Amino acid sequence: MDSIGSLGLQQQEEAPSCPQEGLPCPSNSSELVQECLQQFKVTGAQLRQIQTSLLDSMEQALKGQASPAPAVQMLPTYVGSIPHGTEQGDFVVLELGATGASLRVLWVTLMGIEGHKMEPRSQEFVIPQEVMLGPGQQLFDFAARCLSEFLDALPVGNQGLQLGFSFSFPCHQTGLDKSTLISWTKGFRCSGVEGQDVVQLLRDAIQRQGTYSIDVVAVVNDTVGTMMGCEPGVGPCEVGLVVDTGTNACYMEEARHVAVLDEDRGRVCISVEWGSFSDDGALGPVLTIFDRTLDHESLNLGAQRFEKMIGGLYLGELVRLVLAHLARCGVLFGGYTSPALLRQGGILLEHVAEMEDPSAGAARVHAILQDLGLNPRASDAEFVQHICAAVCTRAAQLCAAALAAVLSRLQHNREQKTLQIAVATGGRVFERHPRFLSILQETVRLLAPECDVSFIPSVDGGGQGVAMVTAVAARLAAHRCLLEETLAPFRLTREQLAAVQAQMREAMAKGLQGEASSLRMLPTYVRATPDGSERGDFLALDLGGTNFRVLLVRVATGGVQITSQVYSIPECVAQGSGQQLFDHIVDCIVDFQQQQGLSGQSLPLGFTFSFPCRQVGLDQGILLNWTKGFNASDCEGQDVVCLLREAIGRRQAVELNVVAIVNDTVGTMMSCGYEDPHCEVGLIVGTGTNACYMEELQNVASVAGDSGHMCINMEWGAFGDDGSLSMLSTCFDASVDQASINPGKQRFEKMISGMYLGEIVRHTLLHLTSLGVLFRGQQTQGLQTRDIFKTKFLSEIESDSLALRQVRAILEDLGLSLTSDDALMVLEVCQAVSQRAAQLCGAGVAAVVEKIRENRGLEELTVSVGVDGTLYKLHPHFSSLVAATVRELAPRCVVTFLQSEDGSGKGAALVTAVACRLAQMTCV
Ligand code: BG6
Ligand code: GLC
Ligand code: GLC
């Protein structure tokens, strides 16, 4: 339907004999006019019914009810807060769809709270009818041309511009700059746009136009622009109401009520799209024959029934249909019509508003009717005025019923007895029609007496508000850029990972040869995996992971049986004196023996000691240096087996027979090797990280002998301590390293293992906060707290099954107060950090398996890796990322990862069992 009709004198036509279908023509003209007017009367009860029915539909739509489809859509808009007034900068606003067949471009300068308000510059363009109904690309190209024409007149040069797109049609928004048109309304029907992202269509058109560098940063419904542009300082304005060509409202809803959003706190702006409200029960009784005809002749038959009774595009049309009917009945204009009266769109909102204006007087009404080609008689002007008033009064009352529904919902949500609220109003019906607002206000007072509403006319048609949303969106986009920039160094390419693998290979070879290398490649004196014939009861100790454990391991024909007890090692003991530490260990053993009824027995003992040790035999291990936060004095350079024996000596009562000292990687490999003979690699990704594997003895320079194998404890945590990883190291890695008790040491471990990942995340978050990207730039006590992010949290946060609000709850438990945007960014930081860790670990494993394959001169190697450690086991994606990286970097190795279920204590017992078996064989 065309709302931009040309005026001018038309030739009069005699009315055809057939009046408005379905309406008889009574003989008395006043009676007939009264009858028409009567049809437009809506009772208080009917308005209340509409209010209640709309309220119900709003509730159903918010709850996500699918069937039957609710009568309104309740579309989330991604605007989460009303403006603070602090927004600043220059923005271009493009408005399409609010005001009929015209498009408006504005240049808006926001000055923040302190600055002076600046009037925006704007230009309006008429959209030709064929563009409104033609292909979508033509419409968007037209918009891009209007933009260029507008900007040509401004001194903008080739600076990058940020644009807010006010697009006033029902859209599914999935972000501030992503919005899919559901259906055209209000006389638009361009092909190929429904179901498409209108932001992308506009971007494409701007690109095709190619004259300006314009970034479309936000898309906004006109109601949202109206609400957001409400001048700050007049109290919270949380409703935007538009009655222009169409009608609609938006308001701030509690996010937890919006089923489609994964959010339980705060508010979100919802566009009600009440134009489509069409509950037959409530609307049916108030629909007139003229409404039905109007709908029948419209482009969107059966749709937007409510809007068609209120929107400015339709008010003139309703009046036209009534006047034409009365003319045909011979009641008006002497029974004559005119082409304008018979043409769709012949009477416009402006005509109606002006004719109804009491100050205009009968002469003005006459003049307008004459302009429409009619020949009014003296009594006609009064009748026409009554008809205009009836149509507009009904519109204002219906609009009030809908607004009352929104207000009652808000009042109910806020649990306030009296709701004080400001409603921003916008649109030509408010601007042009003399009484629309006052009828609306009066009716709202009747329908929602518990609400104290102030109506605030919008500033420059909502342009200011669109600019505000654009400013927020631009800020978020800038934050995203900063986030990406910050995380970029964590994102490793295949080439970088292949380089890590190659460096690792080189360092392995040098370490084995005794040349300078950050990999110590320590011989473990474990030469074989168990063969299944081992038997007996063994004690095992497991020190160096999250838990300290004492175990009783029974190796029998039917398999291995384990009884164990976890003991804590307080930090003061781990970092106290060596004597204290080993006395504590012995105390735990004594306690365990007593509990298990083993006191007085001297069972062979295997000691999993998960720190770098130089071994010269199975039962001798000189601690090279502490790692992972242990720092007990007087231990480095000492044989830990001796330290344990001395502690046993001090405790006189116990007798222990320490047979083997075993690294946790070795224990894990042995434990998995008991089940799978292909298991020739042990991997730990827990508090620390490390790997061991079966090397050809001939390659191990420090151990005599040329045949057979020996398990090598790589101590790969120290890889890169010679500076070879510095290219990959970020400033956050450097901060974590500097703050650790062993700066410069264990650089690979510090990029991978559970003890450090949380700290890398924390330092990254601190940086993002200092950039203002996170937590509104506020540094909090929680985030300053060292080690606040345990591995457990990383694993929980990244779990796929966790909704964003649960992520937020975890972080809030850590004392961080954050928005869901913050939570999403924290999640992305965690993902970047753990992904790098898993990939680096995978590059290491790839180096190891490739070495084994080449050692054996095999085309293809089938090998298993025994794995343990809390990070590997608990993190939702770590293990699959490691495997994927290994597949990528070592394509000729078929690698199976076996998770160790019993910890490396079992492996230590098995090493002990093998040693005992071999010793017995020697005795024999
Ligand atoms: C356990 C082993 O299963 O894994 C420990 O028994 C080892 O010896 C540990 O140190 C590694 O994991 P975390 O996460 O406890 O350091
Ligand atoms: C129509 C549109 C809606 C818009 C309203 C007012 O109802 O569908 O999005 O807000 O008109 O312009
Ligand atoms: C540390 C230790 C190493 C151990 C690893 C896993 O890197 O130095 O010996 O294997 O942590 O626990």
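Both ligands and their constituent atoms are indexed starting at 1 by order of listing. Just so it is clear, the structure is predicted and the values come from calculations on it, not from any experiment.
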Subject >> Distance filter under 4.0 Å to I684 heavy atoms, resulting ligand 3 atoms >> reply: 6 (C), 12 (O)
Original post:
Taking side chain as C-beta onward, heavy atoms only, is S57 less than 4.5 Å from F277?
Top reply: yes
Subject >> Contacting atoms of ligand 2, where contact means under 4.0 angstrom from a heavy atom of P170 >> reply: 8 (O), 9 (O)
Subject >> Top protein contact for atom 2 (C) of ligand 2, by heavy-atom distance >> reply: S168 O, 3.3 Å
Original post:
Between Q620 (side chain) and V641 (backbone), is there a donor-acceptor pair under 3.5 Å?
Top reply: no
**OP:** Return the residue, atom name and 0.1 Å-rounded distance of the protein heavy atom closest to atom 14 (O) of ligand 1.
**Re:** T870 OG1, 2.4 Å
Subject >> Nearest-contact summary for atom 11 (O) of ligand 2 - protein heavy atom, Å >> reply: K186 NZ, 2.9 Å
**OP:** Heavy-atom contacts with Q746 under 4.0 Å: which atoms of ligand 3 show up? List them by number with element.
**Re:** 7 (O)
Original post:
With a cut-off of 4.0 Å, which atoms of ligand 2 are near a heavy atom of F169?
Top reply: 2 (C), 8 (O), 9 (O)
Original post:
Which of these, V867, I684, I712, sits in a side-chain contact (heavy atoms from CB on, under 4.5 Å) with T665?
Top reply: I684
**OP:** Measure the distance from atom 6 (C) of ligand 2 to every protein heavy atom, then report the residue, atom name and distance (to 0.1 Å) of the closest one.
**Re:** D222 OD2, 3.1 Å
Original post:
Looking only at heavy atoms, is any part of R549 under 4.0 Å from ligand 1, and if so is it the side chain, the backbone, or both, or is it neither?
Top reply: side chain
**OP:** Please report which non-hydrogen protein atom sits nearest to atom 2 (C) of ligand 1, along with the residue it belongs to and the distance in Å to one decimal place.
**Re:** S904 OG, 3.1 Å
**OP:** Determine yes or no for a side-chain-to-main-chain donor-acceptor pair under 3.5 angstrom, with N547 supplying the side chain and R549 the backbone.
**Re:** no
**OP:** Using a strict 4.0 Å cut-off to heavy atoms of G545, name the atoms of ligand 1 that fall inside it.
**Re:** 10 (O), 15 (O), 16 (O)
Original post:
Where the side chain of E124 meets the backbone of R104, is there a donor-acceptor pair that is under 3.5 Å apart?
Top reply: no
Original post:
Quick one: do the S271 and N248 side chains pair a donor with an acceptor below 3.5 Å?
Top reply: yes
Original post:
Identify the closest protein heavy atom to atom 8 (O) of ligand 1: which residue and atom is it, and at what distance?
Top reply: D542 OD1, 2.5 Å
Subject >> Per-atom contacts, ligand 1 versus G903 - under 4.0 Å to a heavy atom >> reply: 3 (O), 6 (O)
**OP:** Mark yes or no for whether T247, through its side chain, and V242, through its backbone, hold a donor-acceptor pair below 3.5 Å.
**Re:** yes
Original post:
Taking the side chain as C-beta and beyond, is there a heavy-atom pair between F188 and M132 under 4.5 Å?
Top reply: yes
Subject >> ligand 2 atoms in contact with Q304 (distance to a heavy atom under 4.0 Å) >> reply: 7 (O)
Original post:
Considering only protein heavy atoms, which is closest to atom 1 (C) of ligand 2, and at what distance to one decimal place?
Top reply: E307 OE1, 3.0 Å
Subject >> Nearest-contact summary for atom 8 (O) of ligand 3 - protein heavy atom, Å >> reply: E715 OE1, 2.8 Å
Original post:
When you check the side-chain N and O atoms of S671 and D902, is any donor under 3.5 Å from an acceptor?
Top reply: no
Original post:
Mind checking whether F548 and H584 have parallel, tilted or perpendicular rings, split at 30° and 60°?
Top reply: tilted
Original post:
What do the steps show when you test Q565 against Y567 for side chain to side chain donor-acceptor pair (under 3.5 Å), and what is the final call?
Top reply: CA-CA 7 Å; Q565 172 82 43; Y567 294 90; 4.7 Å; no
Subject >> G717 to ligand 3, any heavy atom closer than 4.0 Å >> reply: no
Original post:
Between the candidates G905, G869, S671, G907, which shows the shortest non-hydrogen contact distance to atom 12 (O) of ligand 1?
Top reply: G869
Subject >> Under 4.0 Å to a heavy atom of T185 - the qualifying atoms of ligand 2, by number >> reply: 1 (C), 2 (C), 8 (O)
Subject >> Polar side-chain atom of Q173 near backbone of L75 as donor-acceptor pair, under 3.5 Å >> reply: no
**OP:** Could you tell me whether ligand 3 has any atom less than 4.0 Å away from a heavy atom of P612?
**Re:** yes
Original post:
H875 vs F878 aromatic rings, parallel, tilted or perpendicular, using cut-offs 30° and 60°?
Top reply: perpendicular
**OP:** Around atom 12 (O) of ligand 3, find the nearest protein heavy atom and jot down its residue, atom name and distance.
**Re:** D664 OD2, 2.5 Å
**OP:** Show which atoms of ligand 1 fall inside a sub-4.0 Å distance from at least one heavy-atom site of G686.
**Re:** 12 (O), 13 (P), 14 (O), 16 (O)
Subject >> Where ligand 2 meets V242 - atom numbers and elements under 4.0 angstrom, heavy-atom basis >> reply: 6 (C), 12 (O)
Original post:
Can you tell me which residue and heavy atom of the protein come closest to atom 9 (O) of ligand 2, and the distance to 0.1 Å?
Top reply: E273 OE2, 2.5 Å
Subject >> Any G275 heavy atom less than 4.0 Å from ligand 2 >> reply: no
Original post:
Can any side-chain N or O of K750 pair as donor or acceptor with the backbone N or O of K745 at less than 3.5 Å?
Top reply: yes
Original post:
For atom 11 (C) of ligand 1, which protein heavy atom lies nearest, and how many Å away is it?
Top reply: I684 CG2, 3.6 Å
Subject >> 4.5 Å side-chain heavy-atom contact, V466 and M228 >> reply: no
**OP:** Starting from atom 13 (P) of ligand 1, locate the nearest protein heavy atom and write down its residue, its atom name and how far away it is, to 0.1 Å.
**Re:** T546 OG1, 3.3 Å
Original post:
Identify the closest protein heavy atom to atom 10 (O) of ligand 1: which residue and atom is it, and at what distance?
Top reply: D664 OD2, 2.8 Å
Subject >> Min heavy-atom dist S610 to ligand 1 below 4.0 Å >> reply: yes
Original post:
Is N248 close to ligand 2, meaning an N/O of one under 3.5 Å from an N/O of the other?
Top reply: yes
Original post:
Does any N or O in the side chain of E749 come within less than 3.5 Å of the main-chain N or O of M755, such that one atom is a donor and the other an acceptor?
Top reply: no
Subject >> Atom indices of ligand 3 within 4.0 angstrom of T627 heavy atoms, with elements >> reply: 1 (C), 2 (C), 8 (O)
Original post:
When only distance counts, is N713 in polar contact with ligand 3, meaning an N/O pair under 3.5 Å?
Top reply: no
**OP:** Just let me know how T245 lines up against ligand 2, side chain, backbone, both or neither, with a heavy-atom cut-off below 4.0 Å.
**Re:** neither
Subject >> Polar proximity ligand 2 side, T223 side, N/O cut 3.5 Å exclusive >> reply: no
**OP:** Could you tell me whether the side chain of L898 reaches within less than 4.5 Å of the side chain of V865, counting heavy atoms only?
**Re:** no
Subject >> D664 and S610: side chain donor to acceptor below 3.5 Å >> reply: yes
Original post:
Would you say the side-chain atoms of E194 pair up with the backbone N or O of W184, donor to acceptor, closer than 3.5 Å?
Top reply: yes
Original post:
Stepwise, does the side chain to side chain contact (heavy atoms under 4.5 Å, CB included) test hold for S879 with F897?
Top reply: CA-CA 9 Å; S879 56; F897 290 86; over 6 Å; no
Subject >> Residue N221 vicinity, atoms of ligand 2 by number, heavy atom under 4.0 Å >> reply: 3 (C), 4 (C), 9 (O), 10 (O)
Subject >> Top protein contact for atom 1 (C) of ligand 1, by heavy-atom distance >> reply: D868 OD2, 3.5 Å
**OP:** Output yes when a side-chain donor or acceptor of S168 lies under 3.5 Å from a complementary backbone atom of D222, and no otherwise.
**Re:** yes
Original post:
What is the closest protein heavy atom to atom 16 (O) of ligand 1, and at what distance does it sit?
Top reply: T687 OG1, 2.5 Å
